[in-house]
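Below is one structure, written out as structure tokens; comments come after it.
Just so you know, these numbers come straight off a predicted model, no measurement behind them. Both ligands and their constituent atoms are indexed starting at 1 by order of listing. All values below were derived from every heavy atom in this structure, side-chain atoms included, with hydrogens, water molecules and symmetry-related copies excluded.
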Amino acid sequence: MANHKTKLAVFCSGSGSNFRALHFAIEERNLPAEIVLCLSNRSECGAMAFAVQHGIETLHLSEKQFDGTEAFASAMLDALHSRAIEYVLLAGYLRKVPAAVIEAYALKMLNIHPALLPAYGGPGMYGINVHKAVLEAGEKNSGATVHYVDAEYDKGPILLQRTVPVEPDDTPESLAERVLECEHALYPDALEKLLDGNGS
Ligand code: GRF
């Protein structure tokens, strides 16, 4: 369809630097997509503030507001379906997405992870823990991965991956910084690949 803009929702919990990178890349690369919703489990965070500043609708949705996972999942699905969201991009979303939502968005939900999956993924592997584990193992390379989200944590099919060399004097923090920089180019590249129809 000419001029169709793919409707995206971005899920965040923190600073939202990947969300920002996606937003600016859509503008700069003139991608046929539009972030129509920023959903967060936190009412206040960098991502939500950025969305407000840029006229993107925000939605604070937390399991605590609901009587159980089923009600939470159904509110999340309503929020996505009522806005005709086609793809969900997890960008530093630190909560489990309910299984019913993952199923409804099978091969239509992406996540970015700060390591070369399948290595250094799974429960407990988030934030600085990932980079500490990579350095403790003496790896020569780390990197970032954009993958489809499925029922198994950090195990869905990989869409795009890029290597970041480990420097001899790296600390977990310095490595985290370089990997995050890599993520800011990788996530837009992965989105572009998805929109081009090369994503599966
Ligand atoms: C990134 O390192 C990402 O890989 C992980 O969470 C971090 C999010 O950072 N899933 P930000 O909120 O996008 O700045």
For ligand 1, what are the residues with a heavy-atom contact below 4.0 Å?
Ser15, Gly16, Ser17, Asn18, Gly92, Ile112, His113, Pro114, Leu180, Glu183
Output yes when Glu192 and Arg29 qualify as a salt bridge under the 4.0 Å nitrogen-oxygen rule, no when they do not.
yes
NZ/NE/NH1/NH2 to OD/OE distance under 4.0 Å, Arg83 and Glu57
yes
Take Glu86 and His4 through the side chain to side chain donor-acceptor pair (under 3.5 Å) test and state the conclusion after the steps.
CA-CA 12 Å; Glu86 292 161 87; His4 173 74; 3.2 Å; yes
In terms of the angle between their ring planes, are Phe50 and Phe19 parallel, tilted or perpendicular, with boundaries placed at 30° and 60°?
perpendicular
Run the side chain to side chain donor-acceptor pair (under 3.5 Å) test on His131 and Ser142 for me, step by step, so that the C-alpha distance in whole Å, both residues' side-chain angles and the decisive distance to 0.1 Å come before the verdict.
CA-CA 8 Å; His131 309 292; Ser142 189; 5.0 Å; no
Let me see the working for Thr6 and Glu34 under side chain to side chain donor-acceptor pair (under 3.5 Å), right down to the final yes or no.
CA-CA 6 Å; Thr6 301; Glu34 173 182 21; over 6 Å; no
